[in-house]
Amino acid sequence: MYDLAVVGGGIHGASVALFAARGGMNVVLLEAGALARQASGTNAGTLTMQMTRAALIPYALKAHEMWVNAPHWLGHDVGVVACDGLSLAFTEAEEQLLSERAKARSAAGAPINLVTKAEATRIEPGVNPSIRMASHCAIDGYANAYLTGLAYRRALRDAGVTIREYTPVTGLAASGKGYEIRLAQKAIAASQVVLTGGVWLEPMLKWLDIQLPIKTLVNQLSVTERTGPVMRTVLGIASGLLSLKQFPHGTVVIGGGWQGEGRRETNYHRTTHDSTVGNARLAVHAIPALRNTRLVRSWTGFEAETADALPIVGPVPGHPGVWVSGSVHSGYTSAPYIAHCLTQAILGHHPEMPLFPMDRLLANSTPEAAHFPPKSQ
Amino acid sequence: MTESFDLLVIGAGPAGGEAALSAASAGLNVALIDEGPAAGGQVWRAPRTAKAKRSRAQDPDRERGDDLRARLAASSIKIFYATQVWDARPGFRVSCVSDAGAKELNAPCLVLATGAIERVLPFEGWTTPGVFGLAAATAVMKAEKALFGQDIVIAGQGPLLIAVAAKACELGLRPRAIIDRASRSDWLRAAVGFAGVPSMLITGARWMSQLALAGIPYHRGSEVIRANGDNALQSIVMSNLDSGATEEIEADTLYVGNGLTPADELHRLLGAAQTADGLRGGYRTIRDDRCRSSVPNLYVAGDGAGVYGALPSAIQGQIAGLSAARDHGALTEAQFSARVKEPRRKLRRLEKFGDASCRLMQFPQDVTTHVSAETIICRCEDVTHADIHAAIDDGAQDLNQLKHFTRLGMGPCQGRMCGLTAAAILNHRNPGPKTDTRLTPRAPVRPIEMNQLIGDFDYDDIPVPKPAPL
Ligand SMILES: Cc1cc2nc3c(=O)[nH]c(=O)nc-3n(C[C@H](O)[C@H](O)[C@H](O)COP(=O)(O)OP(=O)(O)OC[C@H]3O[C@@H](n4cnc5c(N)ncnc54)[C@H](O)[C@@H]3O)c2cc1C
Ligand SMILES: Cc1cc2nc3c(=O)[nH]c(=O)nc-3n(C[C@H](O)[C@H](O)[C@H](O)COP(=O)(O)OP(=O)(O)OC[C@H]3O[C@@H](n4cnc5c(N)ncnc54)[C@H](O)[C@@H]3O)c2cc1C
């Protein structure tokens with residue numbers, strides 16, 4: 001019998017498993033595929049305040065500090081680079097949007113200030129001279145998301161977590177003093193369970209007869225071949241629909257939440273023609289030197305979003321010992337710190353910063369589910 | 001910009017050219033797309049330089065190519081040359097780029113006839129400047145009637161080996177050696193299959209005797225194990241597969257190749273079912289006797305679906321085009337049966353020949369056991385043999401994980417060069433039930449010029465989605 005079973009080996013599950021094991025728990029991590037091969041291994045890796053929802057800024061700031069110090073607490077490299085971040089405005093409407101958003105985010109604690117075209121061009125010499133203004137944040141940067149699986153695998157192994165990859169969980173039920181976690185072959189038992197299934201949290205919560213709609217976004221990204229230096233910052237635009245950075249090895253990753261197409265049920269997702277062209281045009285508009293590169297690959301991944309676009313992190317009501325963590329906007333950035341807070345709660349401590357209990361969403365949709373688990377259980 | 005047709009054909013080689021022609025002859029409105037400047041594909045490639053165009057040397061491939069190009073020019077087919085397909089979605093919606101920018105072509109039926117790419121087994125120093133592929137040599141000779149290098153060595157295996165050697169001699173070059181992985185008995189066994197197609201057997205025999213007459217040293221059952229030289233090739237080291245005896249040969253140019261493998265990115269992107277090809281290594285796309293894939297209204301023909309060579313490819317193309325016409329309602333079942341009868345009969349004979357050629361291109365699955373730890377496997381990202389083993393030690397179980405751990409396959413070739421080799425190492429290290437050792441296919445299927453993708457645009461016209469919540 002494990003102290004804790006973590007279901008879903010993305011950045012949220014892997015972080016909770018790591019911190020819980022370091023907190024003295026006997027932990028098993030169950031992952032349907034390979035560690036961090038869904039959103040957490042395929043995302044753009046931007047560690048930015050300028051795309052983070054204002055309510056999450058305090059968490060993202062703490063998490064940013066953790067990412068920069070990853071070699072110390074994670075012990076392994078995910079290629080984190082800290083640098084300046086700029087969000088650009090090319091039109092009057094964008095100027096206004098940028099000002100509003102910068103204000104709200106700095107009120108939440110992000111060190112963001114508006115800068116003139118001249119100042120922005122000094123910070124990012126590669127930027128299109130037709131910008132009108134920008135917002136600047138000195139706390140920005142990126143990780144190399146595809147290294148997440150390798151880095152966490154090593155850390156989890158060092159911490160004594162039992163890693164079970166290619167092991168999809170099929171169900172969950174209370175049993176004795178804990179829970180029975182059903183697998184294709186046989187079940188395992190744990191005192192407590194954390195559900196960290198990304199977009200698959202919706203089917204996972206159904207195991208407990210909880211109906212909580214999770215919207216599945218299909219974000220798409222593209223990468224250029226290696227090229228000489230064309231930029232030195234993390235770039236976005238006022239609307240948030242662009243994220244752009246050049247990795248030390250020379251490739252430039254183009255993203256920003258343009259939508260591909262796909263279905264969570266079949267785990268099928270792919271880019272669309274229009275999003276690939278549109279996102280690339282926006283990127284070249286921001287950094288004109290990108291026009292002379294080649295695009296080598298584009299891809300997609302699922303991002304989870306709740307009805308109010310805020311996270312669900314905390315206990316699952318009506319099921320003592322079951323926890324949930326996910327649907328965090330810019331969720332890669334904030335994950336280590338949010339997992340740190342959740343793990344404090346799992347270990348019986350008071351979390352450093354408030355969690356995001358899911359009750360608020362259940363009350364609106366199916367009130368019974370929150371308080372009176374249906375009879376079928 | 002979007003245009004619609006009854007049928008789209010991707011690739012204007014023997015397979016795609018014939019597919020387009022047979023479908024158009026049955027009345028379909030067909031578009032044919034190729035990234036090259038003319039039809040003909042690899043084997044019936046159009047001459048490019050003035051010298052090559054003038055060349056009067058008797059060349060059946062050139063004649064067949066000229067014939068195909070003439071028939072296409074006289075047809076109703078809408079041809080898009082210098083147009084690269086970078087994505088295809090069910091339905092079918094095919095994304096292209098050209099100097100005119102990006103566009104989508106639509107049709108309810110699609111034929112994939114994308115041809116093959118060369119396989120090269122890695123050896124120490126294979127990334128040294130002066131080492132080229134065998135297939136690349138044939139392409140240059142066809143287009144330019146010229147071949148780079150003075151002291152050349154020709155190595156590898158399969159029919160291209162002697163074809164390149166013989167054609168190099170015709171150009172007045174004198175290869176210092178031909179190094180063939182296949183042994184004399186491999187050739188004798190293959191000859192049984194070749195016998196079914198006497199014309200090909202005769203060509204092959206003529207090439208062999210030309211080489212013998214010219215006194216070119218021919219080393220059978222041997223392979224190149226090292227290329228020496230820093231910025232330019234200086235010599236190669238050859239080893240006998242049986243005895244292990246080695247010999248160094250001075251050379252400034254090495255042409256080496258170990259057979260062909262399907263260029264099947266679009267097949268896989270569209271989800272066509274595949275099967276491991278024990279004879280050829282790698283995978284082949286499953287097709288029925290009407291060249292239909294597992295995806296409705298998706299037809300596959302030629303070496304892109306499974307390597308059989310040029311003549312079978314042309315016939316498969318013919319059948320695929322007729323099959324699309326039948327499914328589209330342009331032919332009755334009786335008309336279709338009548339028109340495919342003769343092609344099918346020829347195809348059976350030719351496919352045997354294809355299998356025999358492939359037997360000459362076989363190699364053991366553990367292709368890298370003799371390769372040193374420092375040898376580069378992924379040449380785009382400089383991932384070495386040792387890096388791959390370290391990643392497997394770290395727990396990588398499939399090719400996508402290997403990619404994340406090492407960057408193998410993340411460069412411009414997206415694993416086309418190294419994927420099969422890396423898969424072989426994984427399978428060798430992790431015996432037991434095989435996981436799927438293919439990289440996830442994604443667009444663009446080949447690198448695309450950003451300039452062509454985005455074309456000219458106004459910032460205000462970019463359809464930026466609505467802002468994310470604050
Ligand atoms: C393309 C893209 C770009 C992004 N860019 C950024 C960015 O630049 N910056 C940023 O901060 N955020 C970004 N995000 C968001 C971020 O990636 C996610 O918020 C975050 O990775 C979510 O982590 P997760 O652990 O909740 O989910 P996931 O990583 O999806 O992990 C969930 C895991 O659960 C597993 N699972 C599902 N069902 C089962 C089952 N039945 N049994 C066992 N396991 C199961 C899945 O296989 C999966 O591995 C991006 C997202 C995408 C898709
Ligand atoms: C480099 C090379 C040289 C060869 N030389 C010989 C030879 O000398 N003799 C011989 O018998 N066999 C040769 N072969 C084998 C040869 O491939 C086949 O036997 C024959 O050409 C197969 O015909 P096909 O129509 O299937 O493919 P191909 O002739 O290869 O035609 C495929 C066509 O598809 C086009 N194409 C592919 N992908 C795309 C895309 N994404 N967008 C647009 N166009 C695309 C290509 O430009 C090409 O014109 C060679 C193979 C290679 C790879």
Side-chain angles (χ1 to χ4, degrees), chain A residues 34-37 41 51 53-54 90-91 97 100-101 104-105 130 146-150 153-154 157 163 165-166 223-226 237-242 249 251 257-259 261 270-274 276-278 280-285 290-300 309 329, chain B residues 2 86-90 93-97 101-104 269 271 380-381 391 394-398 400-401 403-407 409-414 435 440-470:
Chain A
L35 275 189
R37 284 269 314 133
M51 284 170 80
R53 295 207 61 186
F90 290 102
T91 63
L97 190 62
E100 279 166 29
R101 297 193 151 207
R105 289 187 172 115
S130 77
Y146 62 74
L147 292 173
T148 312
L150 177 59
R153 166 193 303 277
R154 290 172 171 164
R157 216 159 38 192
I163 306 174
E165 293 178 292
Y166 301 100
V223 64
T224 69
E225 67 185 341
R226 293 176 190 237
I237 56 163
S239 63
L241 268 299
L242 177 69
H249 53 252
T251 64
W258 288 67
Q259 294 297 291
E261 56 193 25
R270 53 157 303 139
T271 54
T272 68
H273 180 102
D274 291 344
T276 307
V277 175
R281 285 181 169 170
L282 204 49
V284 174
H285 189 74
L290 287 174
R291 191 178 269 277
N292 304 318
T293 58
R294 290 193 305 167
L295 208 75
V296 297
R297 190 172 174 92
S298 46
W299 67 95
T300 40
H329 191 251
Chain B
T2 303
W86 56 274
D87 195 7
R89 286 186 289 149
R93 300 168 69 183
V94 169
S95 298
C96 313
V97 286
K103 65 163 159 278
E104 268 192 311
L269 200 54
C380 298
E381 297 291 335
D394 249 322
Q397 297 182 51
D398 64 37
N400 289 307
Q401 263 177 312
K403 169 175 170 172
H404 277 198
F405 287 15
T406 64
R407 284 193 65 82
M410 286 201 189
C413 99
Q414 289 288 300
T435 51
T440 309
R442 295 272 181 222
V445 293
R446 302 278 167 94
I448 41 177
E449 305 283 341
M450 187 73 90
N451 189 37
Q452 291 193 341
L453 178 69
I454 61 175
D456 292 324
F457 62 92
D458 281 331
Y459 182 66
D460 296 332
D461 294 338
I462 302 176
V464 180
K466 85 173 185 3
L470 176 64

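By convention in this document, chain letters (A, B, ...) are assigned in the order of the sequence lines, proteins followed by strands, and residues within each chain are numbered from 1. All heavy atoms count here, side chains included; hydrogens, waters and symmetry mates do not.
Here the side chains of A:L97 and B:P467 are in contact, with some heavy-atom distance below 4.5 Å. Under the 4.5 Å side-chain criterion, counting only non-hydrogen atoms from C-beta, A:L150 is not in contact with B:H404. Side-chain contact between A:T300 and B:R442 is present, with at least one heavy-atom pair separated by less than 4.5 Å. Side-chain contact between B:F405 and A:L147 is absent, with no heavy atoms from C-beta onward closer than 4.5 Å. Contact of the A:V223 side chain with the B:M410 side chain is not registered, since no non-hydrogen atoms from C-beta on lie closer than 4.5 Å. Contact annotation: the side chain of B:R93 never approaches that of A:T272 to less than 4.5 Å [non-hydrogen atoms, C-beta and beyond]. Considering only heavy atoms from C-beta on, A:H285 stays 4.5 Å or farther from B:I454 through its side chain.
Heavy atoms closer than 4.5 Å to chain B are found nowhere in A:Q259, neither backbone nor side chain. Only the side chain of B:D460 has a heavy atom closer than 4.5 Å to any heavy atom of chain A. With a 4.5 angstrom heavy-atom cutoff, A:L241 touches chain B only via side-chain atoms. At a 4.5 Å heavy-atom cutoff, the contact between A:A104 and chain B is made by side-chain atoms alone. Only the side chain of B:I462 comes within less than 4.5 Å of a heavy atom in chain A; its backbone stays farther off. Of the atoms belonging to A:T224, it is side-chain heavy atoms, and not backbone ones, that fall under 4.5 Å from chain B. Looking at A:I163, neither its backbone nor its side chain comes within 4.5 Å of chain B, counting heavy atoms on both sides. Only the side chain of A:I237 comes within contact range of chain B, with at least one heavy atom under 4.5 Å from a heavy atom of that chain. The parts of B:N451 that come within reach of chain A are both its backbone and its side chain, each placing non-hydrogen atoms under 4.5 angstrom from that chain. For B:Q414, the part lying near chain A is the side chain, with the backbone staying farther off; criterion is any non-hydrogen pair under 4.5 Å. At a 4.5 Å heavy-atom cutoff, the contact between B:R407 and chain A is made by side-chain atoms alone. For chain B, the nearby parts of A:R101 are the backbone and the side chain; heavy atoms of each come within less than 4.5 Å.
Side-chain contact, B:Q401 with A:R37: no donor N or O sits under 3.5 Å from an acceptor N or O. For the residue pair B:R89 / A:H273, no side-chain donor-acceptor distance below 3.5 Å is found, with atom types taken as modelled.
Under the 3.5 Å distance criterion, the side-chain polar atoms of A:R294 are left unmatched by any main-chain donor or acceptor of B:I448. A donor-acceptor pair under 3.5 Å is formed between the side chain of A:R291 and the backbone N or O of B:G455.
Annotation: B:D456, atom CG; neighbour count of heavy atoms from other residues, nucleotides and ligands within 6.0 Å does not exceed 12.
Here the CZ atom belonging to A:R270 is positioned 13.0 Å from the OG1 atom belonging to B:T440, to the nearest 0.5 angstrom. Atom CG of residue A:L295 and atom CG of residue B:L453 lie 6.5 Å apart, to the nearest 0.5 angstrom.
A pairwise comparison of heavy atoms in B:P444 and A:S298 identifies CD-N, 3.6 Å as the closest pair. Shown here for A:R153 and B:D394, the closest heavy-atom pair between the two residues is CD-O, 2.7 Å. In plain terms, the two heavy atoms of A:V277 and B:A102 that are nearest each other are CG2-CB, 4.3 Å.
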- I would like to know whether B:W86 and A:T276 meet side-chain contact (heavy atoms from CB on, under 4.5 Å); could you show each step before the answer? CA-CA 11 Å; B:W86 56 274; A:T276 307; 4.1 Å; yes

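Annotation: maximal heavy-atom pairing with chain A below 4.5 Å, among B:C413, B:G395, B:A396, occurs at B:G395. For chain B, the option among A:E165, A:H249, A:M51, A:E100 with the highest count of heavy-atom pairs below 4.5 Å is A:H249.
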